[in-house]
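The structure under discussion appears below in the form of C-alpha cells.
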2 protein chains.
Amino acid sequence: MTKVKGDDSLPWREMSRYDGPQSSPGFVLWHGFMRWQRHLNALLKPFGLTQPQFAVLATCGWLTRGGQEVTQQAMADFLDMDRMHISQIASRLERDGLLCRSPSVEDMRAKLVSLTPAGREKLAEVMPVAEAFDESFFAGAAPDRTSFRF
Amino acid sequence: MTKVKGDDSLPWREMSRYDGPQSSPGFVLWHGFMRWQRHLNALLKPFGLTQPQFAVLATCGWLTRGGQEVTQQAMADFLDMDRMHISQIASRLERDGLLCRSPSVEDMRAKLVSLTPAGREKLAEVMPVAEAFDESFFAGAAPDRTSFRF
DNA sequence: GCAATTTTGTAAATGCATTTATAAAAAGGA
DNA sequence: TCCTTTTTATAAATGCATTTACAAAATTGC
C-alpha cells in the first residue's frame, strides 16, 4: 500500500515507534517536569523565589550546615550543574540579600557562598511549603502512568 | 540539647524531612530532567535542533499527519503549554525553514502550522536518533533509584 | 445590529540553562 | 625560576519558559 500522488499525510508509523508524542517517555518526562516546576514556581512566587533559586539556596544551606567553607564550584559539582549556571543564580540570590559571596583566603579565584540571616529565615519559611507540595505531587499519580527512575 | 552561642550550624533536621537535597524527590526530578535534556540537546545539536524545537516539530507532524488544519492554540492545548511559548518556538522553526505558519481562512486571528518539506525530512532524520536515546536513557536506571509516575 | 466579552496571537521583560570567550589565580614541570 | 596547563569565576549571547500588556478577530448577549 503505497502513498498516492497528492497524499500529504505523514507516514507516522514509519517514522516513530510510538502512537504520537504522548506515548513517548521523553515527551512525558518533559511534560511532567514542566507541570511540576510550574506548580512549584507558583507556590514559591509569594516568597520571591523561583524553584531553581530555592534549590540553590537549600543546597547552600545543606553544604554549609556544619559551618563548612563552600565554593561556587563545589556547589556546581554537588548539583552536577555548570559553574556559570550557579554564578548566575547565586548573583541573583546575593542581589536579593539571601546569599553572601566572599572571596576565599586560600584561593583568590574562588568565591565562598553562605546564607545570610535573611536567607536562613527564608529557607526555614519555604522548606515546609516545597516539601508539602512534593509530597502531594508525587503521591497523586495513578499507577497506570509512565514511570521513571533516576 | 539547645544550640550554644556562636554555633553557626544550620538545624537541617528541623527544617527538612530529608537528609539533604539528593534525598528529595523534587530535587531528583529536576536533576534527572536536566541530565536527560542536556544529553538529548547534545545529540540534536548537529541537526540544528533543540529538544523543545524537536518536540514542537514532532507534535506538529503528529497533529497534521492526516492533513488536518492545526492552529498554534491547538498545539498549545495538546502540549499543555502557554500559547506564547508555542509562538516563540514556532517562529524560530519558521525562521529555520522547517515549519510554515499561514493565517486561517475561517478564523483570521488563528495561524495554521504545518511542516515544510525540509521540516518533514529533518523530522524523519532526527526521530530515530531521539527515540534510540530515550530507549537507552530510560532503560539504564537501576531499580534502587527514585521512581516517578506522570 | 451592536456593545461587551472571550479568544488568538505577538511584543517586551524576567529568569533559567547552556555555550563561547576571557581573565586571573593556582598547580605542575622543565 | 619561568612557562605551560589547569582551575575558578564572569561577560555576553542564544534559546527555553513564563508573565504582563496589547491588538485584532470572533463570539455572546441584549
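In the text below, chain A, chain B and the rest are named by the order of the sequence lines, each starting its count at 1. None of the values given here were measured: they were computed from a predicted structure.
A close approach under 4.0 Å does occur between a side-chain nitrogen or oxygen of B:W30 and OP1 or OP2 of C:dA17. Residue A:R95 places at least one side-chain N or O closer than 4.0 Å to OP1 or OP2 of C:dG15. For A:R35 and D:dA17, the shortest distance from a side-chain N or O to OP1 or OP2 is not below 4.0 Å. For the OP1/OP2 pair of D:dT18 and a distance below 4.0 Å, the side-chain nitrogens and oxygens of A:R38 include at least one atom meeting the criterion. In terms of phosphate contacts, B:Q72 brings a side-chain nitrogen or oxygen within less than 4.0 Å of OP1 or OP2 of C:dT10. Of the side-chain N and O atoms in A:Q37, none sit less than 4.0 angstrom from OP1 or OP2 of D:dA17. Dashed line: the shortest gap from a side-chain N or O of B:K111 to OP1 or OP2 of C:dT10 is under 4.0 Å. Contact annotation: B:T50 side-chain N/O to D:dC16 OP1/OP2 distance is under 4.0 Å. Between B:S87 and C:dG9 there is no side-chain polar atom (N or O) within less than 4.0 angstrom of OP1 or OP2.
Atom CE of A:M84 is separated from atom P of D:dA13 by 13 Å (rounded to the nearest Å). One interatomic measurement links the two molecules: CD1 of A:I89 to C1' of C:dG15, which rounds to 9 Å at whole-angstrom precision. Here the P atom of nucleotide D:dA17 and the CE atom of B:M75 are 13 Å apart, to the nearest Å. Atoms CE (B:M81) and P (D:dC16) sit 9 Å apart, rounded to a whole Å. One atom, CG of A:L99, and another, P of D:dA9, lie 13 Å apart when rounded to the nearest Å.
Between A:M34 and A:R101, it is A:R101 whose nearest contact on DNA chain D lies nearer the 5' terminus.
Ring planes of A:F137 and A:H39: perpendicular class, angle over 60° (limits at 30 and 60°).
Side-chain contact annotation: B:D19 with B:W12, donor-acceptor N/O pair under 3.5 Å absent. In the model, A:E131 has no side-chain atom that pairs as donor or acceptor with a side-chain atom of B:S24 under 3.5 Å.
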